2 protein chains.
Amino acid sequence: MTGQVRTVDGRVAGRRGQATRQKLLDCLSEMLSSSPYRDVKVIDVARKAGTSPATFYQYFPDVEGAVLEIADQMAAEGAALAGLLEGRSWVGKAGWQTAQELVDGFLEFWRKHDAILRVVDLGAAEGDKRFYKLRMKILNSVNSSLADAVAELQSRGKVDKDVNPAAIAGSLVTMLAAVASHQKGFSAWGVKPPELRPNLALLVHLGVTGKKPSR
Amino acid sequence: MTGQVRTVDGRVAGRRGQATRQKLLDCLSEMLSSSPYRDVKVIDVARKAGTSPATFYQYFPDVEGAVLEIADQMAAEGAALAGLLEGRSWVGKAGWQTAQELVDGFLEFWRKHDAILRVVDLGAAEGDKRFYKLRMKILNSVNSSLADAVAELQSRGKVDKDVNPAAIAGSLVTMLAAVASHQKGFSAWGVKPPELRPNLALLVHLGVTGKKPSR
DNA sequence: ACTTGTCCTGTCATGCCGTCAGCTTACCGA
DNA sequence: TCGGTAAGCTGACGGCATGACAGGACAAGT
């Protein structure tokens, strides 16, 4: 099922090749964290990995291609985010708990992968379908769970009829993602991370249920 | 007060020079809309402007420098966003109106400047202070108005004591900005722009007042 | 026409990109 | 043990963008 790893010119990669490939990915990942996306050069990645630029091009068509690969690995890990909402309740104190844990998990995931997620976000915003699909893949698990929760509350008459669950869920997820990547910006507004979290959870809870949480 | 426009080597720019400079900025702006940030080259911008790369470097240290210039012009225009909240009420039907108009104005502004705002967002997320300050400058007007509104409702006991106005306002503004730049993503979730707007307004209203709007 | 200061570009050294041919290394079957 | 074969890597090269400079074109005032 997992298609074999192949080089650009079609050969299948063996043990050593895969190791080199992974090392290049790791080094690229590191470079993305330490320097602006625009300034990341193939030659620097290759140097850092102790190999030559030509080797890089053996495994990836270009920097973008390698970034997609990293993002893909991360997306797989991101599926775990759905677990934050699996079988959770949005009613009463449990609802407040759910909101808080969702926010925590989300911020944590984003902080861990911030460099690569920045690039994915940019690519998606620029209209590149590959990045855009990848972004979906990561957010979709959380998004659809949230949308389901809203729709369910709606069907029980606890949320107004004219609310669009997908729109609400999408907006909340987008908010979490954006706030996570601009956490530093909040310090400048005088908001420290520990203060941010409960307020975000409040917004999520309000958005999903339409009500203030009971703590 | 408006410091004279200067070339990189310190000369003051005359009328013709300023025109060339502005033309370069316009062409860069256009390129940013049509191709990925990473692929925008000085030589292309110069060609499009009917001039040479050397001319570009006479007015700007690099692409980034020119982008900052464009963003600065836009930030000035962005101050108008504050007007969307000037003297507005968040109570009753007027509150719902306020939320809707804020969302509309915000989405409109973002759509108009999406290309440059993408780059500013990236720069800010990467930790570049210049971009980061610029982003603040644009968002601050709206953000502080919103925070004031929350604080005022809070002082009248209409909002819980333990809410942090700045955190709520910042999160909402960040949400609006992010949703605006990923509007296309919502279509893929089956949410069309016209459906998006009222739901965003709902979230803003909920966030600011803690209550559902009365329509 | 001459001077002055602004404005633009030809040119050049430097460095990265992306490709290829060819060398080295590892594995495998006889 | 010994080729044979495919994987793995790199030096080298043409092409292009970068960024700096010096010098020429141009407009305005005298």
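The structure presented is a predicted model; accordingly, all values stated were derived computationally and were not measured. Order of the sequence lines sets the chain letters (A, B, ...), proteins ahead of strands, with each chain counted from 1.
Side chains of W90(A) and T98(A) form a contact here, defined as non-hydrogen atoms less than 4.5 Å apart. Considering only heavy atoms from C-beta on, Q18(B) stays 4.5 Å or farther from K23(B) through its side chain.
In terms of phosphate contacts, T51(A) brings a side-chain nitrogen or oxygen within less than 4.0 Å of OP1 or OP2 of dT10(D). Contact between the side-chain N/O atoms of R16(A) and the OP1/OP2 oxygens of dG8(D) is not found at any separation under 4.0 Å. Neither OP1 nor OP2 of dC9(D) sits under 4.0 Å from any side-chain N or O of Y57(A).
Between R130(B) and E64(B) there is a salt bridge, with a side-chain nitrogen of the basic residue lying less than 4.0 Å from a carboxylate oxygen of the acidic one. A salt bridge links K137(B) to D72(B): at least one charged side-chain nitrogen sits closer than 4.0 Å to a carboxylate oxygen. Residues K192(A) and E195(A) are not paired through a salt bridge, judged by the lack of any N-O separation under 4.0 Å between the basic side chain and the carboxylate.
Nucleic acid contact for Y59(A): sugar-phosphate only, since backbone atoms but no base atoms lie under 4.0 Å from a heavy atom of the residue. Nucleic acid contact class of T20(A) (heavy atoms, under 4.0 Å, all strands): sugar-phosphate only. As judged by a 4.0 angstrom heavy-atom cut-off over every strand, R6(A) is placed among residues making no nucleic acid contact.
With DNA chain C read from its 5' end, the first of the two nearest nucleotides for Q58(A) and V40(A) is the one closest to V40(A). Along DNA chain C, the nucleotide nearest to V42(A) and the one nearest to R15(B) differ in position, and the one closer to the 5' end is contacted by R15(B).
Atom CD of Q22(A) is separated from atom P of dG8(D) by 14 Å (rounded to the nearest Å). Separating the CZ atom of F60(A) from the P atom of dG8(D) is a distance of 13 Å, rounded to the nearest angstrom. Look at CZ on R38(A): it is 11 Å from C1' on dA17(D), rounded to the nearest Å. Rounded to an integer number of Å, the gap from D44(B) CG to dT18(D) C1' is 13 Å. Whole-Å rounding puts the I43(B) CD1 to dG15(D) P distance at 15 Å.
Checked against dA17(D), dT10(D), dC26(D), the side chain of K41(B) finds its nearest nucleotide in dA17(D). Of the candidates dC9(D), dA20(D), dT10(D), dA20(D) carries the atom nearest the A54(B) side chain, counting heavy atoms from C-beta on. Taking the side chain of D62(B) as heavy atoms from C-beta on, and the options dG19(D), dC9(D), dC21(D), the nearest nucleotide is dG19(D).
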From CA spacing to verdict: side chain to side chain contact (heavy atoms under 4.5 Å, CB included), Q73(A), L25(A): CA-CA 10 Å; Q73(A) 293 180 5; L25(A) 287 178; 3.6 Å; yes
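Separation of the F109(B) and H113(B) ring centroids falls under the 6.0 Å cut-off.
Reading DNA chain C from its 5' end, the first and the last nucleotide to sit under 4.0 Å from a heavy atom of chain A are dC16(C) to dC27(C).
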